[in-house]
Amino acid sequence: MSCWGVEGGQIKKVAAAGGTPQQLTNVAAYYSDLAWSPDGQKIVYVTGSHRDKVYSDLQMELEHSRAGFGFEEGEGEVTGIDPTSVLDLRWIPASGGGSTLIGPTQGGRYPHFTNDASRVFMTTGEGLTSIRLDGYDRKVHLKMTGGASGSIPPRPVGASWMRVSPDGRRVFADVQNKHYVATIPVPMKQTLEVSVVGKGMAALPFKKLSAEGGDYLSWSPDGKYVTWSWGNKFYRQAVDSDKPEVFEINVEAPRYTPKGTVVLRGAKIITMRGEEIIERGDIVVTDNRIAAVGETGRVAIPANAKVVDVRGKTIMPGFVDVHSHMWPPRGVHQTQVWQYLANLAYGVTTTRDPQSSTTDVFGYMDLADAGEIIGPRIYTTGPGVFSTSGVTDRESAMNYIKRYKEAYRTTTLKEYVVGDRKIRQFVIMATRQNGISPTTEGALDMKLDLSQIIDGYSGSEHALPIQPLYHDVVQLLAKTHTFYTPTLLVAYGAPWSENYFYETTDVHNDQKLRRFIPHELVDAQTLRRQWFSADEYGFKGIAEGATKVVRAGGRVCLGGHGQLQGLGDHWEIWALQSGGMTPFEALRSATIYGAEAIGLQQDLGSLEVGKLADLLVMDRDPLANIRNTNSLVYVMKNGELFNASTLDEVYPAERKLERMYWWDGEPKPEEPLKKN
């Protein structure tokens, strides 16, 4: 198994019956995709350097994109950060010790063996590939493809996972989220190409298995069964059978709830319950919910409560970012995640990622809910529904959307330009049947956006590309109750507005930001930016349209897009307000409207009795100046109160944030030269 600690990752092994793990590696690094050789003498793995832990959230996807997997937008779109090195394929003795380089992965994933211990197989953009353990004789054996993607020009979508049987005679593959078993001729002197679509004869015989697909494809040691997982279900199917066996696996942990009562006394309170503002009030929090809120002197204070004096400050609900690409490290999960820490420290207490790219986020969601890691509330659509997803008719739409309800157990998904309007309507029909609320990709196409709004998609992500917005479009958004999230930081049609804030604020020397984002990432994002004239930016025009929508009774939401974790959400709020919204209207978009967009307004988005205790304490009033949102003193999430500058816990316990690995990456000041 690969594990993670403060210093980086290691490889360990433990007996199947349990016991104390034995560490096999002697160098901290980024390790993933472990595989035993069939004789049990070696362990093959994918690895990167120690510093790749900073980039491990992006590394694998960028490697695979370069290798030609044909991923859509989303696999490397966040933050613009490029890893500094490539990934290698290596092996170590099963007893531990020094490692031996096989070669670069060249974007390969899922290394595994047949019964031949001298070659390791991988899935690459070229197809099923193998290489000898000495690094020579790299071969591409088989390429399996499905239907064409929506790219220009269209291209067949390759298998995302290919696994060879122990005898080397068959391959188990996932092609566009459907499973197939194909026969491999032996010996094979050239690369064979097999399409699983069309009516003609295939180059190799293949059998269709799961129409719903699944993850973690494998074979039984005797080669008689294939196995895979789908959410919390494990599937095993005999190759000659028509139906799989299904085993449900449930692992439970209690949801973390702090105990005790705390009172925040004397602040101005922006409740977001209608237009209510309490000029001097108290909030009582018991465990993780609001027990009372009202004017000071009219709220009963429990005798055993801890009282925090916040006179002169302003309290409002925590920010709800409904387009938050935080993208934590994939494959090997870290014990604390800088993206999560940065967002919470800047007041983002609830997030919805509309396109998480991988399913790792569901594991992190559970860790956050159980109190094992620090961060905001994490919700997600899971991976987006793309043109590469194999949705071509009503039946395939139903089969594919089932995973969001049954495997991912999410109530929201994102349709990402999946096909023509008829196919997009099949997707929305499937979501309605499964009780899922769908949002969409804007894609810089006004006709696409309007047709999706008319067809009933609940959300419209990214800015409508034409401005100004006239009465008809404004009314369409408002009357259809579409949640419009313009993500101004990455708005098309003009320079991205994130550049405006990089130009006009000192981001690089922000000490709070550098506490929560690794130094080299801050450098990469801030030191060399493209410069634009102020009158080149278009975000004010888009924000003017958003203002019209709000004043027509519509819903505009906060979406930071993960451009600059945490601080970027403040930029997005400021940009929204620049189009004529009052500060209160901008804050409403950042709170209660976002809660409504993801169906959680009964628990979040406003400060009301019975709701979850997510709130922000600001040193200065954001109603007086919207940029005062970035004067945070405290952040409370789920009843836990944190110092906003450090994320040291203030209540219910008093404890400092553990030391993070990237703090050691800060450059140290040069010492003056000493004279002899």
Given the side-chain rings of Phe501 and His570, with only the six-membered ring counted for Trp, is the space between their centroids under 6.0 Å? no
Verdict with reasoning, Tyr379 to Thr412, per side-chain contact (heavy atoms from CB on, under 4.5 Å): CA-CA 9 Å; Tyr379 300 97; Thr412 176; 5.9 Å; no
Quick check with a 6.0 Å cut-off and a 45 degree axis cone: is Lys414 positioned over the face of Phe386's six-membered ring? no
Are a donor atom and an acceptor atom from the side chains of Gln339 and Gln565 found within less than 3.5 Å of each other? no
Applying the side-chain contact (heavy atoms from CB on, under 4.5 Å) criterion to Met326, which one of Thr380, Val361, Asp321, Thr351 satisfies it? Thr351
Are Lys611 and Asp603 close enough for a salt bridge, meaning some N to O gap below 4.0 Å? no
Measure from the side-chain N and O atoms of Tyr364 to the backbone N and O of Pro329, and report whether any donor-acceptor pair falls under 3.5 Å. yes
Can you tell me how far the CG atom of Leu607 sits from the CE atom of Met636, to the nearest 0.5 Å? 10.5 Å
Check: Ser357 main-chain N/O paired with Gln355 side-chain donor or acceptor under 3.5 Å: yes
I need the single residue from Leu623, Ile269, Ile270 that forms a side-chain contact (heavy atoms from CB on, under 4.5 Å) with Met316. Which is it? Ile270
Ion pair check, Asp621 and Lys313, cut-off under 4.0 Å: no
Which pairs with one or both residues in residues 539-553 pass side chain to side chain donor-acceptor pair (under 3.5 Å), sequence neighbours excluded? Arg551-Glu585
Decide yes or no for Thr349 and Phe319: does some side-chain heavy atom of the first lie under 4.5 Å from some side-chain heavy atom of the second? no
Going by atom types only, do Asn509 and Asp506 share a side-chain donor-acceptor pair under 3.5 Å? yes
Just to verify, what does Glu276 make a salt bridge (charged side-chain N to carboxylate O under 4.0 Å, His left out) with, not counting sequence neighbours? Arg273
Applying side-chain contact (heavy atoms from CB on, under 4.5 Å), run through Met581 and Ser589 and close with a yes or a no. CA-CA 10 Å; Met581 286 189 191; Ser589 289; 4.1 Å; yes
Thr485 and His323 side chains, donor-acceptor separation under 3.5 Å: no
Under 3.5 Å, is there a donor on one side chain and an acceptor on the other for Asn288 and Asn638? yes
With Asp366, which residues qualify under side chain to side chain contact (heavy atoms under 4.5 Å, CB included), at least two apart? none
So, do Pro383 and Thr359 sit near enough that their side-chain heavy atoms are less than 4.5 Å apart? yes
Compute the ring centroids of Phe539 and Tyr500, then answer whether they are less than 6.0 Å apart. yes
Return each pair, listed once, that meets ring-ring contact (aromatic ring centres under 6.0 Å, His included) where at least one residue sits in residues 629-654; pairs must be two or more places apart or across chains. none
Please enumerate all residues that pass salt bridge (charged side-chain N to carboxylate O under 4.0 Å, His left out) together with Glu415, with sequence neighbours excluded. none
Can you confirm whether Trp338 sits close enough to Met660 that some side-chain heavy atom of one is under 4.5 Å from a side-chain heavy atom of the other? no
Sorted by chain and residue number, the side chain to side chain donor-acceptor pair (under 3.5 Å) partners of Glu275 (sequence neighbours excluded) come out as none
Which is it for Glu608 and Ile290 under the side-chain contact (heavy atoms from CB on, under 4.5 Å) test, yes or no, and what are the steps along the way? CA-CA 7 Å; Glu608 301 181 61; Ile290 297 172; 6.0 Å; no
Would you call Leu616 and Pro317 a side-chain contact if the rule is heavy atoms closer than 4.5 Å? no
Taking salt bridge (charged side-chain N to carboxylate O under 4.0 Å, His left out) as the definition, give me every residue that meets it alongside Lys447, ordered by chain and number, with sequence neighbours left out. none
Mind checking whether Tyr502 and Trp571 have ring centres under 6.0 Å apart? yes
CG (Asp648) and CD (Glu654) are apart, to the nearest 0.5 Å, by 10.0 Å
Within the side chain of Ser389, is there an N or O that forms a donor-acceptor pair under 3.5 Å with the backbone of Val385? no
Please round to the nearest 0.5 Å and tell me the distance separating atom CZ of Phe584 and atom CE of Met272. 4.0 Å
Is Lys637 salt-bridged to Asp614, cutoff N-O under 4.0 Å? no
Any Arg514 side-chain heavy atom under 4.5 Å of Asp510 side chain: no
Testing Asn343, Leu567, Leu657 for side-chain contact (heavy atoms from CB on, under 4.5 Å) with Phe516, which one passes? Leu657
Should Ile278 and Thr271 count as side-chain neighbours, where that means a heavy-atom distance under 4.5 Å? yes
Separation between CG (Asn643) and OG1 (Thr646), nearest 0.5 Å, reads 3.5 Å
With sequence neighbours excluded, what pairs up with Arg409 under the salt bridge (charged side-chain N to carboxylate O under 4.0 Å, His left out) test? none
Can you list everything that forms a side chain to side chain donor-acceptor pair (under 3.5 Å) with Tyr593? Sequence neighbours excluded, please. Arg588
What's the separation between atom CD1 in Ile373 and atom CG in Leu367, rounded to the nearest 0.5 Å? 5.0 Å
List the steps, then state whether side-chain contact (heavy atoms from CB on, under 4.5 Å) holds for Asp360 with His333. CA-CA 8 Å; Asp360 296 71; His333 293 175; 2.8 Å; yes
Show every salt bridge (charged side-chain N to carboxylate O under 4.0 Å, His left out) that has at least one partner inside residues 345-354, sequence neighbours left out. Arg352-Glu461
Could you tell me which residues satisfy side chain to side chain donor-acceptor pair (under 3.5 Å) with Ser645, sequence neighbours excluded, listed by chain and number? none
Do Tyr30 and Leu87 come within less than 4.5 Å of each other through their side chains, counting heavy atoms only? yes
Side chain to side chain donor-acceptor pair (under 3.5 Å) with Glu596: which residues, sequence neighbours excluded? Arg555
Hey, could you give me the OG1/CD1 distance between Thr350 and Ile598, rounded to the nearest 0.5 Å? 6.0 Å
Is the Tyr537 ring parallel, tilted or perpendicular to the Phe532 ring (thresholds 30°, 60°)? perpendicular
Do Cys557 and Tyr484 touch side chain to side chain, with heavy atoms closer than 4.5 Å? no
